[in-house]
Structures are given as structure tokens and as C-alpha cells.
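Note on naming: letters A, B, ... go to the chains in the order of the sequence lines (proteins, then strands), and numbering restarts at 1 for each one. Note that these values count all heavy atoms, side chains included, but never hydrogens, waters or copies made by symmetry.
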Amino acid sequence: MPLDLPKAYDATAVEPDVYQRWETNGCFKAGAGKRAGKPSYTIAIPPPNVTGVLHMGHALNNTLQDTLIRWRRMQGHDTLWQPGTDHAGIATESVVVKQVQEQGLTRDGLGRPEFLKRVWAWKEQSGGKIVQQLRKLGASCDWSRERFTMDEGLSRAVRTMFKRLYDAGLIYRGTRMVNWCPVQKTALADDEVEHIEKNGHLWKLRYDLEDNSGSIVVETTRPETFFGDTAVAVNPADERYQAMIGKRVRLPIIGRLIPIIGDEHADPAKGSGAVKITPAHDPNDYEVGKRHNLPLIQVIGFDGTMTTEAAHFAGQDRFVCRKAVCAELEASGVLLGSTQIMHSVGHSYRSNAPIEAMVTEQWFVKMAPLAERALKETQEGRVLFHPDRWAKVYGQWLTDVRDWCISRQIWWGHRIPAWTCAACGKHTVAIEDATVCQHCGSKDIIQDSDVLDTWFSSALWPYSTLGWPEQTPELARYFPTSTLVTDRGIIFFWVARMVMTSMFALDKKPFSDVYIHGTVLDERGDKMSKSKGNGIDPLVMISGGTQKYLGKEFTCPGYGADAMRYTLLDMTTEGQDLKLSPSKFETGRNFANKVWNAGRFLLTNLSERPLAAPPTDAQALAAAIGFPEVWLLDRLQGAIDECTTALERFRYNDYANSAYRFFRDDLCDWYVEWAKRRFKAGGAEAQAAATVLAYAFERVLRLLHPGMPFLTEHLWQYLQDQTGGKAWDQFLMLQAWPETVSTLRSAGAGERMARLQAVVTSVRNVRNLVGLADGVAVAAVVDAPDAATLQMDGEFLTDRGNLSALTIASGVAKPPQSVTTVVGALKVHIPLSGLVDLTKVKVQLEKRGQVLAKSISGKEARLGNADYVARAPAEQVAETKLLLVSERAELTNVNETLATL
RNA sequence: GGUCUUUUAGCUCAGUUGGCUAGAGCACUACCUUGACAUGGUAGGGGUCACAGGUUCGAGUCCUGUAAAGACCACCA
């Protein structure tokens with residue numbers, strides 16, 4: 001049949017159609033294509049924010065997962081890539097709060113039920129967008145199993161886990177100093193606080209003694225908190241202040257008297273050695289306060305404004321107040337000046353607002369017992385990190401982990417399944433909504449108004465998505481999952497907590513391997529982010545479009561998901577960050593186009609010359625009519641081996657490079673060029689070459705498929721059509737991953753071809769050197785000790801070297817006016833017809849002579865070293881000697897040639 | 001303050017257990033519009049492997065130190 005394939009591959013025209021066929025034919029379903037005797041292989045997707053938009057980090061993360069799952073699926077494993085999305089509590093709630101504000105409304109004004117209705121509406125409206133975007137990327141998730149962290153089933157899992165932890169005494173309610181975000185008005189966990197180094201002031205304040213016998217100076221970065229001071233601490237061993245312990249000082253403005261206390265917390269070496277104690281607003285001071293029974297005076301409210309304790313500053317924003325307080329204290333001589341300092345200030349990782357330490361009552365998870373088991377899993381090698389250095393980071397965090405504050409004072413999330421009894425004050429924790437107090441039977445109970453930290457539900461993800469707490473068939477079949485692919489940023493938030501909850505509730509690790517990939521950076525090395533405007537939109541790279549990047553606009557016609565995936569894989573080296581720029585994706589685009597065109601060449605030939613039978617292993621072997629064919633099939637085995645090993649080791653760049661090398665160098669540059677001669681010859685020779693090429697091409701499509709699924713599937717369908725099958729009857733994505741075939745291995749083929757390639761390259765080199773075009777045939781005289789062997793490949797040499805005549809003989813004389821190249825034990829003489837620029841040749845040869853001389857003297861020195869000869873492995877010494885002989889021969893030739901020019 | 005990572009060609013990066021002339025892609029130079037592909041081909045130029053010591057017959061690779069860049073952790077007034 002006639003084939004009219006476009007010269008340039010247009011991914012945007014191919015990919016949507018291919019994806020749709022996969023999806024409608026159930027190729028993504030759990031277990032699709034599985035073969036008996038293979039274990040399950042599961043990946044639980046790191047659930048993206050349900051209202052989020054795909055960014056390059058997602059593209060990388062999901063490319064790596066898809067590559068693994070496609071590879072394992074082809075290997076015949078019972079695979080499941082479990083997709084879903086996360087409700088992302090604070091992040092989503094704050095988006096909707098803003099939307100509501102734009103309508104002139106407030107969250108509290110709307111009330112909880114109405115506000116939540118709006119969040120759900122926003123989730124319905126924008127949710128699914130990111131899931132569609134993952135499809136564009138080619139993600140082969142089982143979409144029929146898509147889950148959302150606030151689904152009924154997952155919510156039940158959350159409640160069950162909460163109850164089990166509570167019953168085990170691992171969840172408790174306590175009054176503690178926690179990190180408070182005044183913008184979101186909620187408590188945050190310790191690891192949700194980002195410490196940022198900021199420029200600040202250290203102010204000196206003078207507090208006068210009650211008896212006016214003197215004063216004491218304290219230093220603070222937070223002068224506005226002095227209203228909450230309930231003591232001044234000095235070190236009991238500090239002689240300067242010993243006499244003052246027990247006396248009282250008068251706070252400025254408000255005149256309240258506070259004691260001077262002795263406490264180890266005061267460091268004589270720091271500042272004045274005396275420190276103001278504000279137990280309600282500083283974690284250290286809180287501890288000091290507890291030791292000395294100091295009152296807690298809250299001067300900053302939960303909304304970040306000053307309370308009535310702050311006298312006439314009440315109602316002011318904390319930062320406005322700071323300035324005003326400083327001004328007033330300076331005027332009254334209390335503020336004695338300030339110094340500039342750099343200090344780290346905690347910020348909410350969600351709102352970016354500086355956090356306040358606040359004493360509140362919250363729910364906590366007791367971490368130590370959970371952490372201990374989680375730690376064991378990595379220490380005893382049951383959960384492996386790749387690269388393994390992250391196991392250390394994980395271990396360190398688990399070793400000094402502090403209790404996890406899990407209650408959030410927001411509305412969007414899993415409401416805490418605990419009810420407080422008005423009668424007895426005790427808590428009833430239940431999976432089903434409670435109606436009576438478990439302790440006293442009172443019906444006067446009320447559910448806790450807080451919701452759980454988003455990470456609480458994420459921590460259950462690998463098994464809650466499979467139906468836990470029910471003992472579902474899926475849970476039995478796919479849990480524990482196999483590989484977790486994620487970013488180093490959430491090792492603590494997510495990875496560690498999954499291991500902890502899983503060990504606790506299921507007594508099983510949640511996954512065996514954790515692959516931590518690098519971070520996506522822009523071309524300057526900065527993290528990509530919306531606010532910096534340095535993000536590269538994956539959808540623009542895939543489907544085309546215009547976007548701003550680093551202040552400039554760029555347009556991409558749409559390189560396709562395959563191109564982007566290939567580039568990402570190529571750049572994914574163990575644990576390294578990826579410095580990207582839009583032009584990086586040309587690498588993938590170019591390679592995709594190369595694959596397309598090689599396919600086009602094959603398909604066109606097949607359409608003109610149909611194969612007698614489809615290419616199979618046995619036929620390919622039988623069709624291996626010549627050495628180049630034998631060699632190609634041998635190389636293919638090497639590529640299969642390399643790709644498989646690379647993927648087993650999570651070496652994505654090795655996988656991409658091995659496939660690339662084989663495809664471009666071996667298949668295209670050497671074999672396809674040679675096959676053109678076979679095709680020209682026609683008949684059985686052409687048939688045989690086409691069979692071998694079709695076979696090798698089909699195999700390499702399989703190798704490339706996990707990385708470049710669309711293009712390979714597309715070409716494979718054409719190939720089916722041209723080799724006796726029917727397009728879209730079957731799918732490449734469900735074909736078997738290639739295994740090496742021992743009968744297609746050929747010992748020595750690599751060396752034999754390498755020698756031929758070296759001869760051909762040396763001829764081309766000489767031609768280039770003397771300024772002859774590639775199309776100009778030259779004669780060659782090869783002096784070969786094993787002339788008879790080399791003569792068998794004479795046709796290949798003649799064709800690939802574009803030789804007008806080829807003489808191969810042992811000990812043949814060097815023709816006059818010829819340039820000689822030494823290739824191992826061979827001498828390749830190219831007689832020059834006198835049309836050449838001899839000075840150019842001379843310069844080249846002289847250069848070569850210098851390189852040789854240097855190498856020879858190095859080897860002579862080495863061999864002259866008795867220690868080397870005695871201690872280095874014998875084969876190595878022998879090899880050095882051999883090389884020395886050949887280099888000396890070549891140098892002689894170079895000199896001889898130079899003499900004749 | 002602590003832990004970790006990085007430093008190899010103009011740029012982005014490979015370089016497994018130490019081994020012979022250190023590789024790739026992009027960029028660069030010359031030639032080639034040849035029947036798969038100019039998003040291409042052929043050939044080529046370009047590196048004292050951050051620096052200083054050490055171990056070794058032999059170091060990009062191992063050890064010690066220095067410098068620079070980056071990431072994370074930490075309650076520092």
C-alpha cells in the first residue's frame with residue numbers, strides 16, 4: 001500500500017489520538033498485559049493539589065513514574081499506577097477565601113456550610129484539570145481508580161487511623177506552644193515553618209528597678225512583646241546580676257512589676273546577659289515560664305494584632321506596633337539603641353507570613369514510637385532510598401522528631417472525629433459520627449471544629465487508595481507498593497509519615513524503594529516558581545503556545561510529550577538537579593524526529609517491498625545473511641541489556657543514552673546506510689535486509705517505549721500494518737519488554753565491526769583532510785596481516801568508505817604519494833592523485849606524530865618501571881606492550897609519509 | 001552552629017569496583033542540499049578534571065585540608 005508520511009514528525013497531531021486509543025481500550029487498567037508468574041508492581045502517585053496546574057516538577061516526577069510503570073508493565077508484571085489528587089487544606093482554602101473576598105464576602109460571614117459548598121464548587125470546577133494535563137504527558141495511570149483524599153473511602157480511612165492512634169494513646173490533646181500563622185489563623189506543624197534569614201534589629205531596653213536603685217538592660221528583636229514580659233532572667237552564676245535576683249523591675253509605659261529570676265537559659269555571653277521573658281510568645285521563654293510558674297500574658301492576638309494588654313497599642317498590627325513602641329520607648333529613654341543583625345525568622349510555608357509562637361490547645365501525634373519502627377525499615381534495608389544518602393536525612397529527622405501538631409483551625413479538610421462532652425468534658429473519638437458521650441452517656445456532645453493537617457490523609461495514601469481499612473482484593477494484590485518517586489522536599493512531610501502510619505496500622509512497609517529525583521531549576525540555577533516568572537510550562541512544550549520565561553516571551557510550536565520526556569530522562573542523573581531552558585527540549589524534539597524518519601525509511605521500503613513473513617527471532621537469525629546484520633543483532637542485544645540494567649538501577653540517563661546510542665549510531669549511521677546498498681541490490685538480499693531491519697527496529701521501539709510512548713506506539717502500528725498485522729489490533733505498550741536472545745549474540749562481532757569502522761573513518765578522515773568531497777571515491781590499499789579475514793568485509797569497506805578500488809593484502813608496499821593511517825595492526829594507504837593540498841596533510845600528520853610520540857614515551861616510561869611490570873595485572877602489562885608496538889609502527893609510518901610529501 | 005551536595009570542554013552534564021589517548025549533547029570550524037531525516041550527514045577543533053598535599057607502579061576516581069556555590073536541619077534574646 002502507498003504510504004505518505006510527513007517528513008517532519010508532528011507530535012501534536014499524533015499524541016491525543018494515541019492516548020485516547022490506549023484509554024478506551026483499557027491499556028491503563030490495573031493488571032493490563034500481565035503475564036503469569038510475574039509479581040505485582042505498584043506506584044502510588046504523589047497526589048497533586050486537586051486545584052493545581054501541572055508544572056515542570058510534575059512533568060519530571062510523572063515522566064519518571066510513567067517510565068517505570070510502562071517498563072514493568074511490558075515486563076509482564078501485574079502493574080497498577082494509582083492516581084489521585086489531594087485536597088491540600090490550607091492552600092485550597094486560602095484560594096477560596098480570596099475568591100470570596102473579591103465578591104465582598106468573608107469566610108466567617110458565609111459560615112462553615114456555605115463556605116465549604118464554595119470550596120467544593122471550586123474543586124469541581126478546577127479539579128480534574130491537572131488530571132487532564134497528566135494525560136497529555138502520557139501518564140498511564142489507571143484512571144478508573146482515581147481517588148481524592150476527601151472521598152468517602154479515604155475519609156473513612158482517616159477516621160479509622162485517627163481512632164486507632166487515639167486508642168493506642170498516640171494521639172492526644174494538649175496545651176502547648178505551637179507555630180501560629182496569623183494570616184491563615186491556624187496552627188502549623190514544626191516542619192511547615194520555613195526559617196528565612198532576615199535583616200533585623202536587636203534593640204536594647206532599659207528596665208528600671210522597682211526601688212530605683214538602678215536598672216537592667218535587656219536585648220530583644222521583638223520589642224513589641226515587652227507588654228507580655230513576666231520576668232527578666234539572668235544566669236544564676238553571672239556575678240554581675242547575682243545581687244539583683246529576687247528584685248523587681250518596672251515595665252515601661254504600663255508600669256507592671258516583674259521579678260528578676262535566675263535561670264540557666266540566660267547566657268552571660270549573649271547581649272547584656274539578661275533576657276526578657278515573654279512566656280506567651282517565645283518557645284524558650286515558655287519553658288522558663290513553666291519552670292518559674294510565671295503567668296502567660298498574650299499581647300499578640302490570633303489575627304496578628306495587639307491585644308488590650310498592649311495598652312494604647314491595642315488593635316495595631318504587630319509590625320506597626322513594633323515601630324510605634326520603639327518610637328515611644330526611644331522618646332522616654334527606655335530604648336538605648338539598636339544594632340543590625342541577621343537572624344532567622346519563621347514563616348508559614350503556605351502564606352509566607354511570619355509565624356507567631358502561640359500557646360493554644362491542639363491535637364498532637366506522639367511520634368517517638370512511630371518513628372522508631374519507621375527508622376528500622378530503612379536501617380534494616382527493607383525500604384531503600386535512591387540515592388541512598390537520603391536515608392540518612394530521613395533517619396536524622398526521625399531520630400529527633402517532635403510531636404506532630406495535626407489540628408488546623410480551618411474548615412477545608414477532614415474534620416477531627418472527636419466529640420467533647422459538655423457534661424463530663426471528656427472526648428469521644430469515633431469512626432461513625434458520635435451521638436452520645438462514651439464516658440457519661442450524655443447527649444450533649446459537640447464535634448471538634450478543627451480539621452486535620454492535610455498530610456494526615458496523605459500519610460495513608462498508598463493503602464487508603466486501595467480500600468483500607470477494608471481488606472479489599474486490591475489491597476491484597478497491590479500492597480505494599482513498589483516504588484515511590486518523589487522530591488526531596490517532602491521526605492519529612494510525606495515519605496516518613498507514610499512509613500510510620502503504614503507500619504503502625506498495617507504492620508507492613510508502604511513501599512520498597514524511594515527514588516528521590518532532583519529539583520527543576522531554570523537556566524540560571526534558580527528554582528522555578530510562579531512568582532519569579534522563571535517557570536517553563538510543560539503544556540507549552542507539549543502542545544505549543546507562547547509563554548513568558550525570565551522576562552522574555554518564547555513560542556514553542558509543540559514538541560510533544562515524548563520530546564519533553566526524553567529530555568527530562570536524559571537529564572535525570574542520580575540525584576542531580578536539572579538546569580532547564582526552553583531550548584533543552586530541542587534535544588528530545590530532534591531525537592523524536594530522527595526516530596520518526598528512520599521509521600519512515602523502513603516503512604516506505606516495506607510498502608514497496610512487502611516481507612514474505614513477519615520478522616521474528618528465528619527468521620531474523622536466518623535472514624542474517626551478512627556480517628553487518630549479525631553485528632546489528634548483536635549490538636541490539638547489548639542495548640537491551642544496558643537499557644534493562646539502567647532501569648533496574650533507576651539510572652534514567654543511562655537508559656536514555658543507551659537507547660539513543662544504539663538507535664542513532666548503530667542502527668541509523670551504520671546499518672541503515674549500509675542497508676541502502678542491500679535494498680538497491682533487490683531480490684533476496686533486499687528482503688533479508690528488510691527483515692533484519694524491521695526486526696531490530698521493532699525491538700528498539702519497545703526499548704524506547706517507556707520513555708517515548710506516543711511516537712513508538714504510533715510507528716509500531718504502522719509497522720504492524722506493513723508486516724502482516726493490522727494496526728490497532730494490539731498495542732505496543734502491552735508487548736513484552738525485549739529480552740536478550742543468546743542465539744543473536746555474536747562473539748567478536750563488536751571488535752570486527754569496530755575495525756571496519758575505524759578503517760572507513762580513516763578513509764573519510766583523509767578525504768576530508770585533503771579537501772575531497774565525500775562523494776569523491778578514492779582508492780585504498782590495506783596492508784593487513786590477516787588479509788583473508790578482512791577481505792570478507794571488502795564490500796562493506798568499499799561501500800561505506802566510498803572506495804573506487806580496494807586492495808587488501810599482507811605486506812603490500814606503500815604506494816607512492818600516499819597517506820597512511822594505522823588502524824591497530826592494519827595500515828591503510830590512500831594514494832593521492834596530486835589534486836590535494838599537501839601542506840594541510842603535513843600539518844595534520846605532524847600533529848598526529850606529536851600525539852604518538854607523547855603516548856609512546858609514556859608507555860616506555862611505564863614499562864621501564866620495574867614496579868609497574870611487577871605489580872600491575874599481567875594482561876595490562878601485555879596490552880601496554882602491544883599498544884606500544886602498534887604506536888611505534890604508526891609513528892614510523894607517519895614519518896615515512898611525511899618524508900614522501 | 002550542624003549535616004549533606006556540587007566544582008570535569010564556551011554551556012548543560014556523564015565518567016560504575018583507581019588502569020592505558022577523559023566522553024556525550026548543545027555551541028564552534030570545514031565540507032555535504034546524496035532517495036529516511038538540514039529537527040540532517042561526514043570529519044574536526046576545544047579540557048593542566050576548583051586548588052594544595054597525601055596514599056599508590058598508576059588518581060577525574062581513594063584520604064586530608066583549602067576555596068567557591070547550593071540544599072537542608074537547628075530555640076538562640
Side-chain angles (χ1 to χ4, degrees), chain A residues 5 7-9 191 195 202-203 218-222 233 265-267 270-278 282-287 341 343-344 346 357 387 389-390 392-393 396-397 400 488-489 491-492 519 521 523 525 527 559 563 567 570-571 573-581 583-584 586-605 649 651 653-654 657 660-661 668-669 672-673 676 679-680 761 764-769 771-775 844 851-852 854-855 858-859 862 865-873 876-877 879-880 883-884 887:
Chain A
L5 305 173
K7 212 164 161 181
Y9 177 57
D191 48 16
H195 294 271
L202 188 59
W203 281 276
V218 295
E219 294 187 29
T220 181
T221 54
R222 311 221 37 203
H265 167 63
D267 182 346
K270 277 185 188 162
S272 62
V275 57
K276 64 194 269 303
I277 301 297
T278 323
D282 181 277
N284 287 310
D285 294 4
Y286 179 70
E287 293 304 316
I341 52 156
H343 63 149
S344 82
R389 67 187 138 93
W390 294 110
K392 197 178 165 187
V393 175
Q396 272 169 356
W397 185 78
D400 354 281
R488 61 172 180 257
I491 291 175
F492 310 143
T519 305
L521 308 173
E523 63 194 80
K527 216 169 165 178
Y559 292 162
T567 292
D570 183 47
M571 296 184 70
T573 64
E574 189 139 89
Q576 276 311 106
D577 289 345
L578 285 77
K579 262 194 212 180
L580 287 173
S581 65
S583 65
K584 281 272 179 195
E586 289 167 15
T587 304
R589 188 270 313 256
N590 293 351
F591 184 50
N593 191 57
K594 185 81 179 172
V595 174
W596 168 250
N597 275 292
R600 206 161 68 97
F601 172 76
L602 171 64
L603 291 167
T604 309
N605 273 292
R649 295 180 186 171
R651 305 285 299 230
N653 65 321
D654 285 351
N657 285 330
Y660 180 95
R661 287 266 82 85
C668 291
D669 289 350
V672 166
E673 292 306 318
K676 287 175 183 170
F679 290 152
K680 219 176 271 171
T761 301
R764 289 173 179 168
N765 187 358
V766 170
R767 193 177 356 239
N768 213 281
L769 192 72
L772 290 173
D774 297 348
Q844 254 353 81
V851 170
L852 282 169
K854 194 179 154 200
S855 180
K859 286 191 177 58
R862 205 175 308 138
N865 182 337
D867 280 330
Y868 173 73
V869 178
R871 296 197 201 189
Q876 208 159 88
V877 177
E879 207 180 327
T880 305
L883 267 170
L884 181 60
E887 282 176 4

If B/G10 has a Watson-Crick or G-U wobble mate with both distances under 3.5 Å, name it; if not, just say none.
-> B/C26
Would you indicate what A/Thr880 reaches in the nucleic acid, counting non-hydrogen atoms under 4.0 angstrom: base, sugar-phosphate, or nothing?
-> base
For the pair A/Asn593 (side chain) and A/Ala8 (backbone), establish whether a donor and an acceptor sit closer than 3.5 Å, ignoring hydrogens and angles.
-> no
For B/U6 versus B/C63, give the span between their P atoms, rounded off to a whole number of Å.
-> 12 Å
Just checking, any donor-acceptor pair under 3.5 angstrom between side chains of A/Arg600 and A/Asn597?
-> yes
Pick base, sugar-phosphate or nothing for A/Arg589, based on heavy-atom distances below 4.0 Å to the nucleic acid.
-> base
Quiz item: A/Lys7 side-chain donor-acceptor pair to B/C37 base, under 3.5 Å = no
Looking at every strand, decide which applies to A/Lys579 at a 4.0 Å heavy-atom threshold: base, sugar-phosphate, or nothing.
-> sugar-phosphate
Both distances under 3.5 Å, Watson-Crick or G-U wobble: report the partner of B/C51, or none.
-> B/G65
How would you label the contact of A/Ser581 with the nucleic acid (heavy atoms, under 4.0 Å): base, sugar-phosphate, or nothing?
-> nothing
Rounded distance in Å between the C1' positions of B/C28 and B/G70 | 31 Å
How far, in whole Å, is B/U64 from B/A30 if one measures between their C1' atoms?
-> 48 Å
Watson-Crick or G-U wobble partner of B/G40, both distances under 3.5 Å | B/C32
Just checking A/Arg649: base, sugar-phosphate only, or nothing, at a heavy-atom cut-off of under 4.0 Å?
-> base
Between the main-chain N or O of A/Asn653 and the side-chain N or O of A/Asp570, is there a donor-acceptor pair closer than 3.5 Å?
-> no
Report yes if a side-chain nitrogen or oxygen of A/Lys859 is closer than 4.0 Å to either non-bridging phosphate oxygen (OP1 or OP2) of B/U21; otherwise report no.
-> yes
Which is true for A/Asp267 with a 4.0 Å heavy-atom rule: it touches a base, it touches only sugar-phosphate, or it touches nothing?
-> base
Do the side-chain N and O atoms of A/Thr567 and A/Tyr559 include a donor-acceptor pair separated by under 3.5 angstrom?
-> no
Provide the distance between the two P atoms, one in B/G25 and one in B/G44, to the nearest whole Å.
-> 13 Å
Have a look at A/Asn865 and say if it touches a base, only the backbone sugar-phosphate, or nothing, with a 4.0 Å heavy-atom cut-off.
-> sugar-phosphate
Complementary nucleotide for B/C72 - Watson-Crick or wobble, under 3.5 Å = B/G2
Is the backbone of A/Thr761 close enough, under 3.5 Å, to the side chain of A/Asn765 for a donor and an acceptor to pair up by distance?
-> no
When only distance counts, do a donor and an acceptor, one from the side chain of A/Glu673 and one from the base of B/A36, lie under 3.5 Å apart?
-> yes
Answer with base, sugar-phosphate or nothing: what part of the nucleic acid does A/Ala266 contact at a heavy-atom distance below 4.0 Å?
-> base
What nucleotide, of B/A24, B/A36, B/U5, holds the atom closest to the side chain of A/Arg661?
-> B/A24
Rounded C1' spacing from B/U66 to B/C75 in Å | 32 Å
OP1, OP2 of B/A36 versus side-chain N and O of A/Lys676: anything below 4.0 Å?
-> yes
Give A/Asp774 one of three labels, base, sugar-phosphate or nothing, depending on what nucleic acid heavy atoms sit under 4.0 Å from its own.
-> base
Toward the 5' end of RNA chain B, by each residue's nearest nucleotide, A/Lys584 or A/His265 = A/Lys584
Residues A/Leu772, A/Arg764; criterion side chain to side chain contact (heavy atoms under 4.5 Å, CB included); working and verdict = CA-CA 9 Å; A/Leu772 290 173; A/Arg764 289 173 179 168; over 6 Å; no
Side-chain-base donor-acceptor pair under 3.5 Å for A/Thr587 and B/C26 = no
Atom C1', compared across B/U21 and B/C62: separation rounded to whole Å | 24 Å
